[in-house]
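Let me begin by presenting the structure, written as structure tokens, before commenting on it.
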Amino acid sequence: MTSSAGRRTGGNAAHRVPDGAVSAARADVIVMGGGCAGLAAALAAREAGARVILLEKRRSLGGTANFIQGVFAVESEMQKRDYIAYSCEEALRSFMEYNHWLGNAALARVLIDRSAGTIAWLQDLGVEFTGVTINMPDAPRTYHVLKGAGRGMVRALARAARARGVDIRTSSPVVGALTGDDGLLRGVRVKTAGRAADLPCGALIIASGGYANNKEWIKEYTGFDLDENLFSVGNVGKTGDGIRLAWEMGAGAEGMGVLQLLRVSPWGREFPFMSSVEAACIQPVLWVDPQGRRFCDEGIAFYDTSTGNATKRFRYGCTWTVFDDNLKRHFIEEGLDRGMTQRILPGHRLHDLDEVLKRLVALGSPGLVSADSVEGLAVKMQVDPTVLAATVAEYNRACEKGHDPLFGKDPKYLRPLRGPMFYAAQARTVFLGTLGGIRVGARCEVVDEMDRVLSGLYAAGNDVGGLHAESYSMRDTSGIASTFALVGGRIAGENSAAYVKTPGRV
Ligand SMILES: Cc1cc2nc3c(=O)[nH]c(=O)nc-3n(C[C@H](O)[C@H](O)[C@H](O)COP(=O)(O)OP(=O)(O)OC[C@H]3O[C@@H](n4cnc5c(N)ncnc54)[C@H](O)[C@@H]3O)c2cc1C
């Protein structure tokens, strides 16, 4: 876990203001960020009786929450109706084992325990779910699929918040905190239409969604060069504002450098998002490294985090997905082995693959190439033809024997490459968000390195560290990022509302 020492420079500042300089509070609680953590926090604080202002940096609400497909929960009514017996204890154990017990188990426990109640809370607010399913093979059924995806949930949360009197202000980035002579929080500095204004408050909930667009921090904490060998998906303006603000107030740092990684192929602006070609390229076919050698059991294709982690090693140069006409026919006639989000499910037949593949290969992009021989393909991939030919020959032998001596891939995915045409698509390491920054306790209160509470300061969502130790746990707990954001937001909202009512507080 990272130390915050020496990382409190630049950007937001904690502005010291003389007592009495900030006018009487119009808000008890201010929420920084209008994604799922911020909206849930604002609503919960309001429901607990606080006057709440939510400040959102962008023109519209939702952040990456707009893209959420499914929310993890255990012991929900929907699961009980479907006789799904998976328990909170089992989920906690699986999550903590995945993270080698490096994370904040007390917080994870609370977040998992309140996941079912949060599904019910969302349903009461008008959020609809189409069912509970798995997102990864052999996983417990914990993935609550949102009707209308995250956008629908964001709309419902915002509607409810406005109806209950939350003052929501978009295009209003928080640029700093205001503190009194005692160092305690007095309010925030916000920029609206280019002008700074000071807003007093009793408590601040930080929910600014991480630092996925902060090149400097991505380099410092992960070693990657953003937009060169690592690409963020769906994040805009995530510069770590809330994390920096909290550190400047004295918060501890935790979990910096943890990313929600996956592998996307083909990669490049010229390729349409979620096309049939992308669906074909993420299958457990043949994957090779920048030298043209296999580097993993491609059966991990079903587990996004594992694919991202396996590709992450190849920081310089990209990995490739290689297939042929034989496999193409398989995807058209038999269907896909793995699905792509909840829209394209396993077994889906890619009827338009032939036509789309022809069209995209014709673009002449280095991201997707074809040839009538393995050696010819290698030349276009800028890979040594003898290495790729040896890899394909060895792979085909494994397919004939039904046994992969290198990585023990499940024989049902061992399908030889015979041509007549061969295809290769560049695969890139991408990430959906950062998962760390601010150290918090089990009440989502911000704490320093020694776990001393910073009065009036709370945090939730992707700004919070200490839950995911090394990488996002997707195998058994797919959808837990949004659960942690929603439940953490609610907890922060409730506790901040209670804090501002505490007799004798400043
Ligand atoms: C493509 C994609 C698909 C995903 N699918 C899933 C899924 O199916 N299930 C799942 O669990 N998770 C999923 N996630 C992850 C999920 O979206 C996040 O974990 C979750 O949204 C985090 O919530 P948050 O509130 O912390 O951040 P966000 O929801 O991103 O909200 C943060 C908000 O803070 C605002 N902000 C930033 N700086 C400031 C500032 N200075 N002042 C005011 N506001 C500021 C941002 O503009 C943003 O609106 C997905 C992510 C992506 C990108």
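Counting from 1, the numbers follow the sequence of the chain as shown. Remember, it's 1-based here, ligands and their atoms both numbered in the order they're listed. Owing to the predicted nature of the structure, the values given are computational and were not obtained by experimental measurement. In what follows, every heavy atom counts, from backbone to side chain, and hydrogens, waters and symmetry copies are set aside.
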Could you tell me whether [X] and ligand 1 have an N or O pair separated by under 3.5 Å?
X: G70; answer: yes
X: A37; answer: yes
X: E56; answer: yes
X: D463; answer: no
X: K238; answer: yes
X: A485; answer: no
X: T64; answer: yes
X: K57; answer: yes
X: V174; answer: yes
X: N235; answer: no

- Message: Please determine whether any non-hydrogen atom of V233 lies less than 4.0 Å from an atom of ligand 1.
- Response: yes
- Query: Do any heavy atoms of Y143 fall under 4.0 Å from ligand 1?
  - Reply: yes
Within ligand 1, which atoms have a heavy atom of [X] less than 4.0 Å away?
X: A207; answer: 32 (C), 33 (C), 34 (O)
X: G479; answer: 9 (N), 10 (C), 11 (O)
X: G62; answer: 29 (O)

- Partner residues of T118 under the side chain to side chain donor-acceptor pair (under 3.5 Å) criterion, sequence neighbours left out: R490
- Set of side chain to side chain donor-acceptor pair (under 3.5 Å) partners for S208, sequence neighbours left out: D463
- Kindly assign one of parallel, tilted or perpendicular to the pair H468 and F95, based on the angle between their ring planes and the thresholds 30° and 60°. perpendicular
- Message: Classify the ring geometry of W267 against F231: parallel below 30°, tilted from 30° to 60°, perpendicular beyond 60°.
- Response: tilted
- Item | Closest candidate by heavy atom, reference atom 19 (O) of ligand 1, pool N462, T170, I206 | N462
